[in-house]
Student: 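Can you keep this structure in mind? I'll have questions shortly.
Positions are given from 1, in the same order as the sequence printed here.
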Amino acid sequence: MSITKLYWGSLGRQWRGGLVLFGCSVLESVPAFLSGRLVALAVDRGFAAGDPLTGVLWLLVFALVAVIGALGSRLVWRQLGMVIEPIRDALVTAVVSGILRNGATSRNAPDASGVARITQHVEVIRDATAGLLVQARGMLVTTVAALAGLFTVAGGLAWLVAVPVLTALVLFACLLPALAARQRAVAIADERTAEVAGGVLVGMRDVVACGAEQTAGMAVFDAVDDQARAAVRMAQATAMRTLVIAIGGFSPLVLVLLNAPGMVAAGELTAGAALGSLVYLATTMQPALQGLASTASTVVLRLLVAVRRLSEVAGEPPEAGGGAEPAGAAISVRGLTFGWGEHAEPVVRGLDLDLVPGDHLAVVGPSGIGKSTLAGLLTGQLEPQDGLVRLGGVPVRSVRPEVVHRMVALIPQEAYVFAGTVRENLALLAPEATDERLYEAARAVGAGDLVDRLGGLYGEIGHAAEGLSAGQAQLLGLARVYASQAEVIILDEATAHLDPAAEAHAERAFAARGGILVVIAHRLSSALRANRLLVMDGDHTLLGTHEGLLAESARYAEMMRAWTGTPERVRAS
C-alpha cells in the first residue's frame, strides 16, 4: 500500500471522530453567523431607538453566543488527538517498515535521511492534518457563516464583497503550483542536509583520521546553502501570496465603507445593518479569508508535498515472502552473487554452500568483505542478483514470513534491549516460554548472574538499556534467541563486546543447542571452535576445515599468524 493510500485510508477510518468535529464546528460557527445581526439589532432596536437597555440585552446575547462558540472550539481540541494520533502511528509504522526492509539501506550505520522522514515529513503530515481539521475547517465554516449572515443583514453590500474575493482566490490558485514546487524543494533540501550532516557526524573518526575535515565541512556547508536558497525562494513565493490575499481581504472592507453611507442616506440600509456588515467583514470574514489562504498555501502545500515525498522514497515495500512451507531447516546455497548496486563489484560471487542441522560454520575475512551481507542473504532480507538460497528445499524469499521468523534468528552486533522487565526482553521471541525455560536460556549463554543482579526475571530495565554495558546487553540478546524455537542461528559479531571467555561460552552453548549455527567471526578464535570455515576474500571464497584451510589458503594462514603470532600456536590451538 502506498503512503498516499495509507494516509487517506487512515483518515477515512476516523469518520466517527470527523462527525464529532462537524458537530463542534456547528457550535463554533454560531458567533460568526449571528455576530453582525446581533450588533444590528442592538443598534436599530436599542441604542438608535432610544432604548439602551434593549441594546445592552442584545449585546449580552452576543456574549452568550461567543461563549457557545468557545465551547465548540474547546471540544474540537479535545477530539483532535483521537483523530490525528492513529494516522501518525500508521505512517511511522510504514516508514520504519520500509527502511528496515529496504535492501539499499546500510545495516551497520544509521539512516539519517530515514530519521528525517520520521522527524520531519511524518510530523509535517501530522501537524498539517491537525491544522486543516482545526484552522482550515474553522476558517471555512466561519467564512461561509459570515457570508450567509451578511446576505441576511445587507444583501446589497454582500455583492460588493463577492467580486474582489473571487478575483483574489483565482489569482491565489494560479500561484499554488509555484508554491508547491518550492515547498517540495525545501523538503528535499531538508532531507539532504540531514543525510549529509548525519553521514559526516557518524564517520567523524574516519574523517579526522584521513585529514578530510575541510572536504567534509564543505559538503555540509553546500547542503546548508542549498537548503537556505530553497527557503529564500519559498519565502519570495509566500510574499507574493500574502500580497494577493491582502488585496482580496481589504478591498471588500474599503468598498463597504465607501458605499454604506450613501445607502443609509437613501434609506436602502439601516445604520445598524451597516455597522453589522462592518462587523462581519472586519472581525470575521476578512481575518478568516486571510487565515484560510495562509493555511491553504502553507499547511495544505506542506501536507501534499510531505505525503508525495514519503511516497517517493519511503513507500511501504511489497510484503516479503510467499506461502511456501520448508521441509526442515537445511540450507542450500547455489551460485549466490550479490553486489551493492548494479555496477558495483560483487561482495559475494558464485557461492555454493550446504548447511544441515548440527553444522557449526564460522565465516571469517577482512572487515567490509561481505560477511554481514552474506547473513542478510541467508535470512532472505536481501535479494541476490544471481543464484538462490533455499531453506528446507524452498527459496527462502518464498517462505511465509512468519515461518522464517520462527525458524531463523539473526543476532546483530547491536543488541536491542527494550524498556520493561527482564522477562519481557527474554520472552520476546518465545512469549509462551516458562520462567524456568527463560532462566535456563540465560544460564546457558552465561547471563544467569546478570539476570540475578537485575532483580530476576521481573526486574526492570530502563529506557535505552540504562545501566547496562554493551556486553551485558549482548548477553540478554543471546539469551532471548536461545530461548526461542529458531533452528538456524546466525551470530553476526553478536559477541563483539564480550571477553574471549564469555564469547567461547556463548558459542559453545549455541553449538550444543542443536540446529544450524553460523558465526560471523569477530575474533578468529571462533574459527577454532567451528567444524567448518568459510573464508571470504573478495573473489576467493574457500570452504573447509581449520587445518585444511591453513594449508590451502594463504590469506587464512596469514590472518591466523597475525592473530596468534606463530603458525605453531595456530595448530596447537
Side-chain angles (χ1 to χ4, degrees), residues 2-4 6-8 10-11 84-85 87-102 104-106 109-132 135-136 175-204 207 213 215-242 293-317:
S2 68
I3 293 292
T4 302
L6 178 65
Y7 171 77
W8 289 112
S10 300
L11 188 61
I84 295 300
E85 294 309 318
I87 299 174
R88 177 185 180 276
D89 292 345
L91 290 174
V92 169
T93 299
V95 172
V96 172
S97 298
I99 293 172
L100 292 177
R101 291 159 52 188
N102 182 1
T105 301
S106 172
D111 186 349
S113 62
V115 173
R117 291 168 208 156
I118 297 174
T119 58
Q120 294 183 31
H121 298 338
V122 171
E123 290 305 311
V124 163
I125 294 173
R126 173 182 178 271
D127 294 342
T129 304
L132 286 176
Q135 299 174 14
L175 291 175
L176 281 178
L179 286 169
R182 296 188 181 189
Q183 183 66 54
R184 182 174 184 271
V186 169
I188 295 175
D190 287 346
E191 186 177 321
R192 177 61 181 165
T193 300
E195 183 177 2
V196 173
V200 170
L201 292 175
V202 169
M204 184 60 69
V207 170
E213 295 93 336
T215 301
M218 289 305 300
V220 176
F221 292 151
D222 289 344
V224 172
D225 287 342
D226 290 342
Q227 184 181 13
R229 284 192 290 270
V232 169
R233 288 193 292 269
M234 183 65 198
Q236 292 170 345
T238 301
M240 181 60 68
R241 180 265 303 167
T242 302
S294 176
T295 300
S297 60
T298 55
V299 176
V300 174
L301 284 180
R302 293 177 70 208
L303 173 63
L304 295 178
V305 168
V307 170
R308 179 183 174 187
R309 184 60 182 158
L310 284 185
S311 296
E312 290 173 347
V313 298
E316 190 175 13

Student: Got a sec, which residues hit salt bridge (charged side-chain N to carboxylate O under 4.0 Å, His left out) with Arg229, two or more places apart in sequence or on another chain?
Tutor: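 Residues passing salt bridge (charged side-chain N to carboxylate O under 4.0 Å, His left out) with Arg229: Asp226.
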
Student: Flag yes if more than 12 heavy atoms outside Met240 fall under 6.0 Å of its CE atom; otherwise flag no.
Tutor: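 Count not over threshold, so no.
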
Student: Testing the basics here: between Ala189 and Ala230, what is the closest heavy-atom pair and its distance to 0.1 Å?
Tutor: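 Here Ala189 and Ala230 meet closest at CB-CB, 4.2 Å.
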
Student: With Thr193 as reference, evaluate Val224, Asp225, Val220, Asp222 under the side-chain contact (heavy atoms from CB on, under 4.5 Å) test and give the passing residue.
Tutor: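 So the option named by the test is Val224.
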
Student: Got a sec, which residues hit side chain to side chain contact (heavy atoms under 4.5 Å, CB included) with Arg192, two or more places apart in sequence or on another chain?
Tutor: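 If we apply the side chain to side chain contact (heavy atoms under 4.5 Å, CB included) test to Arg192, skipping adjacent residues, the hits are Glu195, Val196.
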
Student: State, to 0.1 Å, how close Arg233 and Arg182 come at their nearest heavy-atom pair, and which atoms those are.
Tutor: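 Nearest heavy atoms, Arg233 then Arg182: O-NH1, 2.9 Å.
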
Student: Return the minimal non-hydrogen interatomic distance between Ala216 and Val207, and the atom names on each side.
Tutor: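 In this case the closest contact between Ala216 and Val207 is CB-CG1, 3.8 Å.
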
